[in-house]
Amino acid sequence: INKQYYCKTKLNLFVLYFSALVITDGPQDKSGLADEVGSEDDLYNEFRSSSNRFGHPGGGGEQLAINELISDGSVCAEALWDHVTMDDQELGFKAGDVIEVVDATNKEWWWGRVLDSEGWFPASFVRLRVNQDEPMEEYLANLDGASEGGGASMEGPLGPGLPCKEQMRANVINEIMSTERDYIKHLKDICEGYIKQCRKRTDMFTEEQLRTIFGNIDELYRFQKKFLKALEKKFNKDHPHLSEIGSCFLEHQTNFQIYSEYCNNHPNACVQLSKVMKIKKYVFFFEACRLLQKMIDISLDGFLLTPVQKICKYPLQLAELLKYTNPQHRDYKDVEAALNAMKNVARLINERKRRLENIDKIAQWQSSIEDWEGEDILSRSSDLIFSGDLTKISQPQAKGQQRMFFLFDHQLVFCKKDLLRRDILYYKGRLDMDQMQVVDVEDGKDKDFNVSVKNALKLCSPGGEEVHLLCAKKPEQKQRWLRAFADEREQVQHDLETGFTITEVQKKQAMLNASKRHQTGKPKAVTRPYYDFLLRQKHPTLPTSLPQQQVIMLAEPKRKTSNFWHNIGRLTPFKK
């Protein structure tokens, strides 16, 4: 008791001591308080040596607060997506399952329990239940227990005599409304408790720093307020199960795409925040912001993760709502359409994140090509769609040349293999796919080139001024290339419709990073890391260490399994 009183007293004095950092801009006379609480260095060292969360390695620290809750009783977490176990010590579960968190000491992996099973699971796969309604599974268990006890108690907080499915629908609606209101308060606290105070301290923060740390969270706040108003209009307080909220998601589905910018920026925010948190005055400043705003005891990086989790939460909530909505309900079709719409939003965000992560690998690939000419590949492209060997027949001699082709969005690059070192490629040219039409060529003699061809296709400019004849070794390879060219056009159209772009700053940074990786005097080659990237890029697997802020993908894959990612391992240029 004495220790708790001491800590509480020191915390109150801490708030008084550092509130001057938050409330005013000018210098403050802190000598009186300094005498009472000790020097700033003493306070900082005491906080680091105590159980305070800022003493936690890496400055992250919400794990300590979580473990304190665990010591008082169980903490529940809700699975955001499926976790397929990798060994017998891991805990498997499906999206929507409620997990009892037993130990959260490790930042990346927690120990938990589902029914009779226990094991490790990645913390990034779950969302803690903080100030939320009763978990759905407990509610169902209570209903089952009531029915086994004689079925007398179908009366609950949702009204007497309602059928079970309607009660469940009302429960889901109430949860959606409750979590949405909590989320709005959460965003408001960040904008007013942190950003507003940070902008007062121009001596501590630049606008660029604030933009990196907080991203476009102010835009999220403005949008979510409008979205909540729309939900409130459709919410039936007296009879929640009659609420028709599906149309709200459909009307605002395009606005949810602003989460893409936030999610893509989030890893940069974590890096920037980690840098400033190494300086003690920033540690105290952010803690004073949190205390003065009366926010729950979670560090700033924990608060900034919530929007990433929220956009993944919507499909789960809508799937639950659809499950308890009768097909005859007026809201059924809208909820069904809303579920698909929000899944598409989540997929779009995941796809954009993947593309942004890939630009470093593409820049690295370009730096490995000898005799590169012209503009950088990233000036127009951001995704490798397909690659492989083809025979290129050129006019007027109609001589066949074996080349390695790489199909990116907007352009097709072809290279020559080194005669001795098959892992070295020489740049030979590129074709602008925006100006080319793909023509399937029948086996036999080609009139334009006056040669007999097999498994061939042509790339032609609209006016016919430029024609390229390409031949594959096998019919199935030709068909795969035809599908790849069709995929490239779909990709370009999709990017145009969704407004996907890569900034000049991102492009320059990727090329700069790639150039640093190659030491002067060493021959450039298609390196093993890029080969691994090709094999891994459409089939992500769970790594041994999984940073929480980097995982936002849903369980289901974006694309169907392709034989290309299996066969590409046999491509000669990637072997040493």
Side-chain angles (χ1 to χ4, degrees), residues 14-28 53-54 58-62 65 130-131 179-229 255-311 313 349 503 505 548-549 552:
F14 160 79
V15 174
L16 289 173
Y17 182 70
F18 289 101
S19 60
L21 286 173
V22 177
I23 297 172
T24 62
D25 295 337
Q28 301 292 320
R53 57 199 176 89
F54 290 111
E62 60 268 21
V130 180
N131 298 327
T179 55
E180 202 65 28
R181 295 181 188 118
D182 290 342
Y183 182 52
I184 288 293
K185 182 181 182 304
H186 176 94
L187 295 178
K188 179 181 178 182
D189 285 343
I190 294 176
C191 292
E192 296 186 3
Y194 285 108
I195 300 178
K196 186 177 179 180
Q197 298 296 344
C198 288
R199 287 206 168 108
K200 292 180 181 179
R201 298 310 306 253
T202 55
D203 59 318
M204 294 176 66
F205 301 96
T206 65
E207 278 298 321
E208 183 179 355
Q209 276 182 312
L210 294 180
R211 184 67 180 178
T212 301
I213 294 173
F214 296 100
N216 63 332
I217 201 167
D218 51 345
E219 294 179 22
L220 302 186
Y221 179 42
R222 288 194 295 270
F223 161 65
Q224 291 292 160
K225 285 194 294 184
K226 294 179 182 178
F227 180 64
L228 179 58
K229 287 182 180 179
N255 300 112
F256 280 106
Q257 293 182 13
I258 62 174
Y259 275 84
S260 178
E261 179 182 342
Y262 185 86
C263 295
N264 290 334
N265 176 72
H266 189 254
N268 299 329
C270 294
V271 172
Q272 181 66 36
L273 188 60
S274 177
K275 289 180 181 178
V276 300
M277 292 299 277
K278 293 177 181 178
I279 305 172
K280 53 192 171 185
K281 72 174 181 178
Y282 288 92
V283 174
F284 291 135
F285 176 81
F286 285 130
E287 178 67 351
C289 289
R290 185 190 70 81
L291 291 170
L292 291 173
Q293 191 68 16
K294 298 180 180 179
M295 301 168 72
I296 60 176
D297 188 17
I298 298 178
S299 60
L300 178 55
D301 55 350
F303 283 115
L304 296 178
L305 178 64
T306 305
V308 178
Q309 295 176 322
K310 183 65 176 177
I311 199 63
K313 173 73 174 176
I349 292 172
T503 65
V505 174
Q548 183 159 349
Q549 67 270 20
I552 62 171

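Note that the numbering runs from 1 along the sequence shown for the chain.
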Walk me through it: do N265 and F214 pass the test side-chain contact (heavy atoms from CB on, under 4.5 Å)?
-> CA-CA 9 Å; N265 176 72; F214 296 100; over 6 Å; no
Go through the steps for Y282 and F205 under the test ring pair (Phe, Tyr, Trp, His ring centres under 6.0 Å), then give the verdict.
-> CA-CA 10 Å; Y282 288 92; F205 301 96; 5.3 Å; yes
Do R290 and F303 pass the side-chain contact (heavy atoms from CB on, under 4.5 Å) test, and can you show the C-alpha distance, the side-chain angles, and the key distance before you say yes or no?
-> CA-CA 10 Å; R290 185 190 70 81; F303 283 115; 4.3 Å; yes
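The CZ atom of R201 sits 10.0 Å away from atom SG of C289, with the distance rounded to the nearest 0.5 Å. In this structure, CG in N255 is found 11.5 Å from CG in L220, a value given to the nearest 0.5 Å. The CG atom of D301 sits 10.5 Å away from the CZ atom of F286 when rounded to the nearest 0.5 Å. To the nearest 0.5 angstrom, T212 atom OG1 is 5.5 Å from E208 atom CD. To the nearest 0.5 Å, atoms SG (C198) and NZ (K200) are separated by 11.0 Å. The NZ atom of K275 sits 10.5 Å away from the CD1 atom of I213 when rounded to the nearest 0.5 Å.
R199 is linked by a side-chain contact (heavy atoms from CB on, under 4.5 Å) to I195, E207, L210, counting only residues two or more places apart in sequence or in another chain. K185 meets the salt bridge (Lys or Arg N to Asp or Glu O under 4.0 Å) test with D189; sequence neighbours excluded. Partners of E261 by salt bridge (Lys or Arg N to Asp or Glu O under 4.0 Å), not counting sequence neighbours, listed by chain and number: R211. In this structure T306 satisfies the side chain to side chain donor-acceptor pair (under 3.5 Å) test together with H186, sequence neighbours excluded.
Sorted by first then second residue, the side-chain hydrogen bond (donor to acceptor under 3.5 Å, both in side chains) pairs that include residues 215-229, not counting sequence neighbours, are E180-Q224, Q224-Y259, Q224-Y314.
When each of I349, L304, I311 is paired with Y262, the side-chain contact (heavy atoms from CB on, under 4.5 Å) condition holds for L304 and for no other.
Between K310 and T179 there is a side-chain heavy-atom pair separated by less than 4.5 Å. Within the 4.5 Å cutoff, the side chain of I279 has no heavy atoms near those of the F285 side chain.
Ring geometry, F256 versus F227: the interplanar angle exceeds 60°, so the pair is classed perpendicular (tilted spans 30 to 60°).
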